[in-house]
K.L.:
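Please find one structure pasted underneath; my questions will follow.
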Amino acid sequence: MTRVDFYILPEGSKPPEGAAMTACKLCDKAASGGQRVYIYAPQADVANTLDSLLWSFRQGSFIAHERLGTPLQEPLPAVLIGDAEPPESHHGVMINLGAEVPPFFSRFERVLEIVDGDAAQRAKSRERYKFYRDRGYELSSHTL
(Lines give C-alpha, C1' and ligand atoms only; values in the text may rest on other atoms or scores of the structure.)
Protein backbone atom coordinates (compact mmCIF):
# COMPACT_ATOMS: atom_id res chain seq x y z
CA MET A 1 0.00 0.00 0.00
CA THR A 2 1.15 3.53 -0.76
CA ARG A 3 2.83 5.41 2.07
CA VAL A 4 2.12 9.16 2.23
CA ASP A 5 4.46 11.70 3.82
CA PHE A 6 3.54 15.35 4.40
CA TYR A 7 6.40 17.87 4.57
CA ILE A 8 5.18 21.00 6.34
CA LEU A 9 6.98 24.22 5.44
CA PRO A 10 7.18 27.09 7.95
CA GLU A 11 4.36 29.63 7.95
CA GLY A 12 5.05 32.46 5.55
CA SER A 13 7.10 30.42 3.07
CA LYS A 14 6.27 31.56 -0.42
CA PRO A 15 4.80 29.24 -3.03
CA PRO A 16 5.91 28.01 -5.46
CA GLU A 17 9.57 28.68 -4.56
CA GLY A 18 9.38 27.13 -1.07
CA ALA A 19 7.63 24.02 -2.31
CA ALA A 20 9.83 23.80 -5.42
CA MET A 21 13.06 24.03 -3.43
CA THR A 22 11.79 21.40 -1.00
CA ALA A 23 10.83 19.19 -3.96
CA CYS A 24 14.37 19.54 -5.32
CA LYS A 25 15.86 18.46 -2.00
CA LEU A 26 13.49 15.48 -1.76
CA CYS A 27 14.32 14.52 -5.38
CA ASP A 28 18.01 14.70 -4.62
CA LYS A 29 17.66 12.42 -1.62
CA ALA A 30 15.43 9.90 -3.40
CA ALA A 31 17.48 9.84 -6.63
CA SER A 32 20.71 9.46 -4.63
CA GLY A 33 19.09 6.44 -2.99
CA GLY A 34 18.37 4.84 -6.36
CA GLN A 35 14.68 5.76 -6.49
CA ARG A 36 12.85 6.99 -9.58
CA VAL A 37 10.83 10.12 -8.88
CA TYR A 38 7.83 11.64 -10.59
CA ILE A 39 6.99 15.24 -9.76
CA TYR A 40 3.32 15.88 -10.41
CA ALA A 41 3.17 19.58 -11.31
CA PRO A 42 -0.13 20.39 -13.06
CA GLN A 43 0.58 24.13 -13.16
CA ALA A 44 2.96 25.22 -15.93
CA ASP A 45 4.65 27.90 -13.80
CA VAL A 46 5.46 25.38 -11.06
CA ALA A 47 6.79 22.88 -13.63
CA ASN A 48 8.94 25.62 -15.21
CA THR A 49 10.32 26.66 -11.82
CA LEU A 50 11.21 23.04 -11.00
CA ASP A 51 12.78 22.49 -14.39
CA SER A 52 15.12 25.44 -13.76
CA LEU A 53 15.83 24.68 -10.10
CA LEU A 54 16.78 21.04 -10.71
CA TRP A 55 19.67 22.33 -12.82
CA SER A 56 20.92 24.85 -10.29
CA PHE A 57 19.51 24.42 -6.78
CA ARG A 58 22.80 23.06 -5.46
CA GLN A 59 26.15 24.56 -6.36
CA GLY A 60 28.28 22.30 -8.53
CA SER A 61 25.66 19.68 -9.37
CA PHE A 62 22.28 19.09 -10.95
CA ILE A 63 19.62 16.42 -10.98
CA ALA A 64 19.07 14.88 -14.39
CA HIS A 65 15.42 15.17 -15.32
CA GLU A 66 12.98 15.43 -18.22
CA ARG A 67 9.48 16.80 -18.67
CA LEU A 68 6.63 14.65 -19.88
CA GLY A 69 5.14 15.95 -23.09
CA THR A 70 8.52 16.13 -24.78
CA PRO A 71 9.81 13.10 -26.65
CA LEU A 72 11.48 10.92 -24.01
CA GLN A 73 14.52 8.88 -24.90
CA GLU A 74 15.90 5.81 -23.17
CA PRO A 75 17.46 5.60 -20.73
CA LEU A 76 15.02 7.78 -18.83
CA PRO A 77 16.47 9.99 -16.10
CA ALA A 78 15.66 9.30 -12.45
CA VAL A 79 13.34 12.33 -12.26
CA LEU A 80 10.39 13.18 -14.48
CA ILE A 81 8.14 16.26 -14.23
CA GLY A 82 4.62 16.23 -15.61
CA ASP A 83 0.90 16.75 -15.30
CA ALA A 84 -0.30 13.30 -16.40
CA GLU A 85 0.38 9.71 -15.41
CA PRO A 86 4.07 8.84 -15.79
CA PRO A 87 5.49 5.75 -17.51
CA GLU A 88 5.62 2.47 -15.55
CA SER A 89 9.31 3.01 -14.84
CA HIS A 90 8.51 5.95 -12.53
CA HIS A 91 6.05 4.56 -10.01
CA GLY A 92 8.44 4.58 -7.03
CA VAL A 93 8.09 8.06 -5.51
CA MET A 94 5.67 10.82 -6.49
CA ILE A 95 5.97 14.38 -5.25
CA ASN A 96 2.55 15.97 -5.52
CA LEU A 97 2.69 19.71 -6.17
CA GLY A 98 -0.94 19.88 -7.26
CA ALA A 99 -3.82 21.14 -5.15
CA GLU A 100 -5.70 17.84 -5.55
CA VAL A 101 -4.80 14.18 -5.13
CA PRO A 102 -3.94 12.80 -8.59
CA PRO A 103 -6.19 9.87 -9.61
CA PHE A 104 -3.15 7.61 -10.21
CA PHE A 105 -1.46 8.21 -6.80
CA SER A 106 -2.04 4.64 -5.56
CA ARG A 107 0.32 3.23 -8.20
CA PHE A 108 3.26 4.70 -6.29
CA GLU A 109 5.13 3.16 -3.37
CA ARG A 110 5.39 6.60 -1.74
CA VAL A 111 3.65 9.93 -2.19
CA LEU A 112 5.31 13.06 -0.84
CA GLU A 113 3.04 16.02 -0.18
CA ILE A 114 4.57 19.45 0.43
CA VAL A 115 2.50 21.81 2.58
CA ASP A 116 3.14 25.47 1.74
CA GLY A 117 3.16 28.19 4.38
CA ASP A 118 0.08 30.18 3.31
CA ALA A 119 -3.39 29.56 4.73
CA ALA A 120 -5.11 28.64 1.46
CA GLN A 121 -2.47 26.04 0.59
CA ARG A 122 -2.60 24.60 4.10
CA ALA A 123 -6.37 24.21 3.83
CA LYS A 124 -5.97 22.26 0.55
CA SER A 125 -3.29 20.12 2.20
CA ARG A 126 -5.64 19.30 5.07
CA GLU A 127 -8.21 18.11 2.51
CA ARG A 128 -5.61 15.84 0.89
CA TYR A 129 -4.55 14.53 4.31
CA LYS A 130 -8.18 13.72 5.14
CA PHE A 131 -8.63 12.02 1.74
CA TYR A 132 -5.69 9.68 2.38
CA ARG A 133 -6.60 9.09 6.04
CA ASP A 134 -10.22 8.23 5.24
CA ARG A 135 -8.99 5.57 2.81
CA GLY A 136 -6.62 3.98 5.33
CA TYR A 137 -3.26 5.01 3.90
CA GLU A 138 -0.21 5.12 6.17
CA LEU A 139 0.51 8.81 6.88
CA SER A 140 3.53 10.63 8.33
CA SER A 141 4.12 14.33 8.89
CA HIS A 142 7.49 16.10 8.95
CA THR A 143 7.79 19.72 10.08
CA LEU A 144 10.61 21.51 8.26
Side-chain angles (χ1 to χ4, degrees), residues 1-70 72 76-144:
M1 181 179 262
T2 302
R3 186 176 122 200
V4 183
D5 291 278
F6 281 79
Y7 292 85
I8 303 165
L9 299 178
E11 284 189 45
S13 61
K14 304 280 188 213
E17 295 83 13
M21 186 59 77
T22 302
C24 287
K25 291 174 184 176
L26 292 171
C27 277
D28 189 32
K29 184 174 181 181
S32 295
Q35 293 285 322
R36 291 192 170 255
V37 180
Y38 178 62
I39 303 173
Y40 179 66
Q43 295 175 305
D45 61 331
V46 174
N48 290 336
T49 298
L50 277 166
D51 194 11
S52 294
L53 278 175
L54 286 170
W55 288 107
S56 62
F57 86 99
R58 196 174 58 183
Q59 181 112 7
S61 70
F62 69 96
I63 298 174
H65 64 283
E66 291 288 335
R67 290 179 72 166
L68 288 182
T70 61
L72 299 175
L76 294 176
V79 178
L80 293 177
I81 302 169
D83 62 359
E85 186 170 354
E88 277 297 317
S89 62
H90 283 70
H91 283 175
V93 176
M94 178 181 72
I95 298 174
N96 181 20
L97 295 179
E100 308 297 327
V101 175
F104 48 83
F105 81 93
S106 63
R107 295 187 180 129
F108 290 85
E109 294 172 25
R110 290 187 66 199
V111 172
L112 311 181
E113 294 274 357
I114 300 172
V115 181
D116 270 316
D118 73 75
Q121 293 295 325
R122 286 184 186 259
K124 292 302 281 183
S125 295
R126 282 191 286 278
E127 289 175 21
R128 292 192 308 273
Y129 187 93
K130 190 174 183 184
F131 173 90
Y132 295 123
R133 185 195 65 206
D134 291 350
R135 284 154 183 80
Y137 288 92
E138 179 184 345
L139 302 173
S140 297
S141 294
H142 312 276
T143 302
L144 302 177

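Throughout, numbering of the chain's residues begins at 1 and tracks the sequence. These figures come from a predicted structure and were not determined experimentally. Just so you know, these numbers use all the heavy atoms, side chains as well, and skip hydrogens, waters and symmetry mates.
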K.L.:
Rounded to the nearest 0.5 Å, how far does CG of Asp5 lie from CG of Leu112?
P.N.:
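One gets 6.0 Å once the value is rounded to the nearest 0.5 Å.
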
K.L.:
With side-chain contact (heavy atoms from CB on, under 4.5 Å) as the test, pick out the partner of Ile39 among Ile81, Asp83, Leu26.
P.N.:
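By the side-chain contact (heavy atoms from CB on, under 4.5 Å) criterion, Ile39 pairs with just one of Ile81, Asp83, Leu26: Ile81.
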
K.L.:
In Å, rounded to the nearest 0.5 Å, how long is the span from SG of Cys24 to CD1 of Ile95?
P.N.:
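Cys24 SG to Ile95 CD1: 8.5 Å, rounded to 0.5 Å.
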
K.L.:
Would you say Arg107's side chain and Gly92's backbone share a donor-acceptor pair under 3.5 angstrom?
P.N.:
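No, because the side chain of Arg107 does not come within donor-acceptor range (under 3.5 Å) of the backbone of Gly92.
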
K.L.:
Are side-chain heavy atoms of Pro87 and Leu68 found at a separation under 4.5 Å?
P.N.:
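SC-SC contact between Pro87 and Leu68 confirmed.
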
K.L.:
Can you see which heavy atom on Ala41 is nearest to which on Val46, and at what distance?
P.N.:
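Minimum heavy-atom contact is CB-CG1, 4.2 Å.
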
K.L.:
Compare every heavy atom of Thr49 with every heavy atom of Ala20, then report the nearest pair and how far apart it is.
P.N.:
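Looking at all heavy atoms of both residues, the closest pair is CB-CG2, 3.9 Å.
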
K.L.:
Under 3.5 Å, side chain of Asn96 to main-chain N/O of Glu100, donor-acceptor pair present?
P.N.:
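Present.
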
K.L.:
Roughly how far, to the nearest 0.5 Å, is CG of Leu80 from OG of Ser89?
P.N.:
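Here the rounded value is 6.5 Å.
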
K.L.:
Kindly say whether Ala99 contributes a backbone atom to a donor-acceptor pair with the side chain of Arg128 at under 3.5 angstrom?
P.N.:
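Yes, Arg128 side chain to Ala99 backbone: donor-acceptor pair under 3.5 Å.
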
K.L.:
I want to check something: taking the side chain as every heavy atom from C-beta on, are Asn48 and Arg67 in contact at a cut-off of under 4.5 Å?
P.N.:
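Sidechains of Arg67 and Asn48: in contact.
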
K.L.:
Which label fits Tyr137 and Phe105: parallel for a plane angle under 30°, tilted from 30 to 60°, or perpendicular past 60°?
P.N.:
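Answer is perpendicular, since the angle exceeds 60°.
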
K.L.:
Please report the interatomic distance CG(Leu144) to NZ(Lys25), rounded to the nearest 0.5 Å.
P.N.:
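One finds 8.5 Å between CG of Leu144 and NZ of Lys25.
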
K.L.:
List the atom of Cys27, the atom of Leu54, and the distance in Å for their closest heavy-atom pair.
P.N.:
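Scanning both residues completely, I find the closest heavy atoms to be CB-CD2, 4.4 Å.
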
K.L.:
Distance from Glu109 atom CD to Met1 atom CE, nearest 0.5 Å?
P.N.:
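One gets 14.0 Å once the value is rounded to the nearest 0.5 Å.
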
K.L.:
Side-chain contact, heavy-atom cut-off 4.5 Å: Val115 with Arg122?
P.N.:
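Result yes, sub-4.5 Å side-chain heavy-atom pair found.
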
K.L.:
Anything under 30° is parallel, anything over 60° is perpendicular, the rest tilted; go ahead and classify Tyr7 against His142.
P.N.:
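Plane angle under 30°, so parallel.
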
K.L.:
Hey, what do you get for CZ (Arg133) to CD (Glu138), rounding to the nearest 0.5 Å?
P.N.:
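Answer rounded to 0.5 Å: 15.5 Å.
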
K.L.:
Do Leu97 and Leu50 make a side-chain contact, defined as non-hydrogen atoms from C-beta onward lying under 4.5 Å apart?
P.N.:
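Counting from C-beta outward, Leu97 and Leu50 do come under 4.5 Å.
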
K.L.:
Would you call Lys124 and Glu127 a salt bridge, taking side-chain N to carboxylate O under 4.0 Å as the test?
P.N.:
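Counted as a salt bridge, because a side-chain N and a carboxylate O are separated by less than 4.0 Å.
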
K.L.:
Would you say Thr2's side chain and Phe108's backbone share a donor-acceptor pair under 3.5 angstrom?
P.N.:
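Between the backbone of Phe108 and the side chain of Thr2 there is a qualifying donor-acceptor contact (under 3.5 Å).
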
K.L.:
Can you name the closest pair of heavy atoms from Leu9 and Gly18 and give their distance?
P.N.:
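That would be CD1-C, 3.6 Å.
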
K.L.:
Given 3.5 Å as the limit, does a donor-acceptor pair link the side chain of His65 with the main chain of Trp55, or not?
P.N.:
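No; judged by distance alone, with no hydrogens or angles, the pair does not exist.
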
K.L.:
Tyr40 and Ala84: which non-hydrogen atoms are nearest, and at how many Å?
P.N.:
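Distance-wise, the nearest heavy atoms are CE1-N, 4.3 Å.
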
K.L.:
If we only count heavy atoms from C-beta on, is the Glu85 to His91 side-chain gap below 4.5 Å?
P.N.:
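A side-chain contact under 4.5 Å exists here.
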
K.L.:
Checking Asp116 side chain against Asp118 main chain: does a donor-acceptor pair fall under 3.5 Å?
P.N.:
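Such a contact is absent between Asp116 side chain and Asp118 backbone.
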
K.L.:
Answer yes or no: is there a side-chain heavy-atom contact under 4.5 Å between Tyr132 and Val111?
P.N.:
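Heavy-atom side-chain distance check passes, below 4.5 Å.
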
K.L.:
Within 45° of the axis and under 6.0 Å from the centre of the six-membered ring of Tyr38, does NZ or CZ of Arg36 qualify?
P.N.:
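Output no; distance or angle outside limits.
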
